[in-house]
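Data first, discussion second: the structure below is written as structure tokens.
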Amino acid sequence: MSNHKEINGDHIRGGKSRLTYLWLNFLRNLRCSQKLKSKKINFGNAFETADDLGSWSPGRGLAEHFLISELPKLLNNSGYTDINNVNILDIGCGSGRSVELFETAELGGAWTGLDIDDRFVERKSSRFSLSFNQCDVLSKDHSPEFDLIYTNSALEHIQADLDFPKKTVTWLKPKGIQLHFLPAPASLPLYLWHGWRQYSLRRIEQTFPNSAIEVYAIGGLASTILHFFFITPWENFFRISLRKKFTRVYKWLLYYSIKADDYVPIFPVFYAVVVSKRSLNNSN
């Protein structure tokens, strides 16, 4: 299905339009990848007790944990020996919360945030110089100056997402990488009307056709079920947060759901997509 058949779920109105959005995305998500496969990251031993967890949704919390624990390794593997001097571009940066995550990962250097809306919260950082630009990323140009281009649940909000990597790949230094957290097909019944699309492995292949890609599955069946029953109906339809009302119960369920995901690693909520400038033809 081509881009012109996609519907923006962020501004959708009416029952018919909502059902159409769900149906079209369900069909689109059924397409199988040609070659691309995802790798499983086991988070079951990442947290010692339920008290180590926040009341975050499973996918978003695990994505942040992936960034903190795995991003330094990914940069090292790409040839970066000094992760205290990394030039980062955060696209769709929102409030700029990623700065805290990069600091926790013990990265440092320069951080630039881009967002079409101005929601950035001014802050000080002991590890990064910070700057923010309000703009449409597709109208922006940069020289090849970045070591890392990062998005978290942003690409699905860009209608012309197939044009996105054509620009961003030219902004990377030769050893630079991109890290994108994208909603997987299982996120459709969890977040319902969110963005233009979800990202099946087939869609990821189409979005980054001439780059070396590694895809990591974030979450699994148990955490997806937890989100569906504990978060989706209550927060989407009734504006009630059971996570806040029953925090201890939720953390306990989340803790064991994460452990169970290691044994049933299907239906991830997100994909972590790592993209380098290397041609697929030269990636072996």
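Computation of the quantities below employed the complete heavy-atom set of this structure, encompassing side-chain atoms and omitting hydrogens, waters and symmetry-equivalent molecules.
Taking 4.5 Å as the limit, every side-chain heavy atom of H65 sits out of range of all side-chain heavy atoms of I258. In this structure, F128 and L107 have side chains that are in contact, with non-hydrogen atoms separated by less than 4.5 Å. Counting only heavy atoms from C-beta outward, the side chains of F228 and T224 never approach each other to under 4.5 Å. Under the 4.5 Å side-chain criterion, counting only non-hydrogen atoms from C-beta, Y255 is not in contact with D51. When side chains are defined from C-beta on, L75 counts as touching L71, because their heavy atoms get closer than 4.5 Å. When side chains are defined from C-beta on, S187 does not count as touching H227, because their heavy atoms never get closer than 4.5 Å. Under the 4.5 Å side-chain criterion, counting only non-hydrogen atoms from C-beta, F270 is not in contact with F66. For the pair Y216/V274, a side-chain contact is recorded, criterion being any heavy-atom separation below 4.5 Å from C-beta on.
A salt bridge is defined here as a Lys NZ or Arg NE, NH1 or NH2 lying under 4.0 Å from an Asp or Glu carboxylate O, and R197 with E6 meets this definition. Under a 4.0 Å N-O distance rule, the pair E214/K39 qualifies as a salt bridge. Note on D52 versus K251: no salt bridge recorded, every NZ/NE/NH1/NH2 to OD/OE distance being 4.0 Å or above.
In this structure, the side chain of D261 does not engage the main chain of P265 through any donor-acceptor pair within 3.5 Å. Although no hydrogens or angles enter the test, the distance criterion places no donor-acceptor pair under 3.5 Å between the side chain of Q178 and the main chain of T168. Using a distance-only test at 3.5 Å, with no hydrogens or angles considered, a donor-acceptor pair links the side chain of N87 to the main chain of E145. The backbone N or O of N29 sits nowhere less than 3.5 Å from a side-chain atom of Q198 that would complete a donor-acceptor pair. Between the side chain of S78 and the backbone N or O of K175, at least one donor-acceptor pair lies under 3.5 Å. The backbone N or O of G219 lies less than 3.5 Å from a partner atom in the side chain of K40, making a donor-acceptor pair. For the pair K35 (side chain) and E205 (backbone), a donor-acceptor distance under 3.5 Å is absent. Between the W196 side chain and the D10 main chain, no donor and acceptor come within less than 3.5 Å of each other. In this structure a side-chain-to-backbone donor-acceptor pair under 3.5 Å is present from S200 to R203.
Using bins of under 30°, 30° to 60° and over 60° for the plane-to-plane angle, the ring pair F164/H180 lands in the perpendicular bin. Y191 and H194 have tilted rings, their planes meeting at an angle from 30° to 60° on a 0 to 90° scale.
The CG atom of L242 sits 11.5 Å away from the OG atom of S55 when rounded to the nearest 0.5 Å. Atom CG of L53 and atom OG1 of T247 lie 12.0 Å apart (nearest 0.5 Å). The distance from atom CZ of R97 to atom CG of D90, rounded to the nearest 0.5 Å, is 12.0 Å. Distance CZ/F181 to CD/E64: 8.5 Å, rounded to 0.5 Å. Put simply, CG on L89 and CG on L148 are 8.5 Å apart, with the number rounded to the nearest 0.5 Å. Distance check, rounded to the nearest 0.5 Å: CG of N152 to CG of L182 gives 9.5 Å.
For R18, there are no salt bridge (charged side-chain N to carboxylate O under 4.0 Å, His left out) partners, not counting sequence neighbours. Residues passing the side chain to side chain donor-acceptor pair (under 3.5 Å) test with T20, sequence neighbours excluded: none.
Contact detail for F26 and L188: the closest heavy-atom pair is N-CD2, 3.7 Å. Taking each heavy atom of I12 and S17 in turn, the nearest pair found is CD1-O, 3.1 Å. The two residues N45 and K259 have their closest heavy-atom pair at OD1-NZ, 3.9 Å. When all heavy atoms are compared, the tightest approach of L179 to A272 is CD1-CB, 4.3 Å. In this structure, A154 and G92 approach most closely via the heavy-atom pair CB-CA, 4.3 Å. Shown here for I83 and A105, the closest heavy-atom pair between the two residues is CD1-O, 4.5 Å.
Within 6.0 Å of CZ in F267 there are 12 or fewer heavy atoms belonging to other residues, nucleotides or ligands. Crowding of N84 atom CG: a count of heavy atoms from other residues, nucleotides or ligands under 6.0 Å exceeding 12. More than 12 heavy atoms of other residues, nucleotides or ligands sit less than 6.0 Å from atom CH2 of W171.
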Please list, one pair per line, the donor and acceptor atoms closer than 3.5 Å that link side chains of residues 129-139 to other protein atoms, with sequence neighbours excluded.
| unit_1 | atom_1 | unit_2 | atom_2 | d |
| --- | --- | --- | --- | --- |
| S131 | OG | T112 | OG1 | 3.3 |
| Q134 | NE2 | I116 | O | 3.2 |
| D136 | OD1 | L138 | N | 3.0 |
| S139 | OG | D136 | O | 2.7 |

_Steps toward side chain to side chain contact (heavy atoms under 4.5 Å, CB included) verdict (K173, Y80)_ = CA-CA 11 Å; K173 294 178 182 178; Y80 287 93; 4.2 Å; yes

_CA sep, side-chain torsions, deciding dist, call: W56, L254, side chain to side chain contact (heavy atoms under 4.5 Å, CB included)_ = CA-CA 9 Å; W56 28 258; L254 179 59; 3.6 Å; yes

*Decide side chain to side chain contact (heavy atoms under 4.5 Å, CB included) for T207 and L155; before the verdict, give the C-alpha distance in whole Å, the side-chain angles of both, and the deciding distance to 0.1 Å.*
CA-CA 10 Å; T207 306; L155 201 53; 4.2 Å; yes

_Residue pair I231, Y250: steps toward the side chain to side chain contact (heavy atoms under 4.5 Å, CB included) verdict_ = CA-CA 10 Å; I231 298 176; Y250 177 74; 3.6 Å; yes

*Under the ring pair (Phe, Tyr, Trp, His ring centres under 6.0 Å) criterion, do Y150 and F102 qualify, and how do the steps go?*
CA-CA 11 Å; Y150 170 75; F102 292 128; 5.3 Å; yes

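A continuous path of hydrophobic side-chain contacts links W23 to L190 [ILVMFWY only; heavy atoms under 4.5 Å]. No chain of hydrophobic side-chain contacts below 4.5 Å, direct or via other Ile, Leu, Val, Met, Phe, Trp or Tyr residues, connects I91 to V121. A single hydrophobic cluster is seen to contain both L221 and F43, as judged by linkage of ILVMFWY side chains at heavy-atom distances under 4.5 Å, directly or through other members. Follow the hydrophobic side-chain contacts under 4.5 Å out from L19 and you never reach I7; the two are in separate clusters. Both F208 and L36 are assigned to one and the same hydrophobic cluster, defined by single-linkage of ILVMFWY side chains at heavy-atom distances under 4.5 Å.
Not less than 6.0 angstrom separates the ring centroid of Y271 from the ring centroid of Y199. Proximity of the aromatic rings of W252 and Y256 is defined here by a centroid distance below 6.0 angstrom, and this criterion is met.
Side-chain contact check for W111 and S98: at least one donor-acceptor pair (N or O, by modelled atom type) lies under 3.5 Å.
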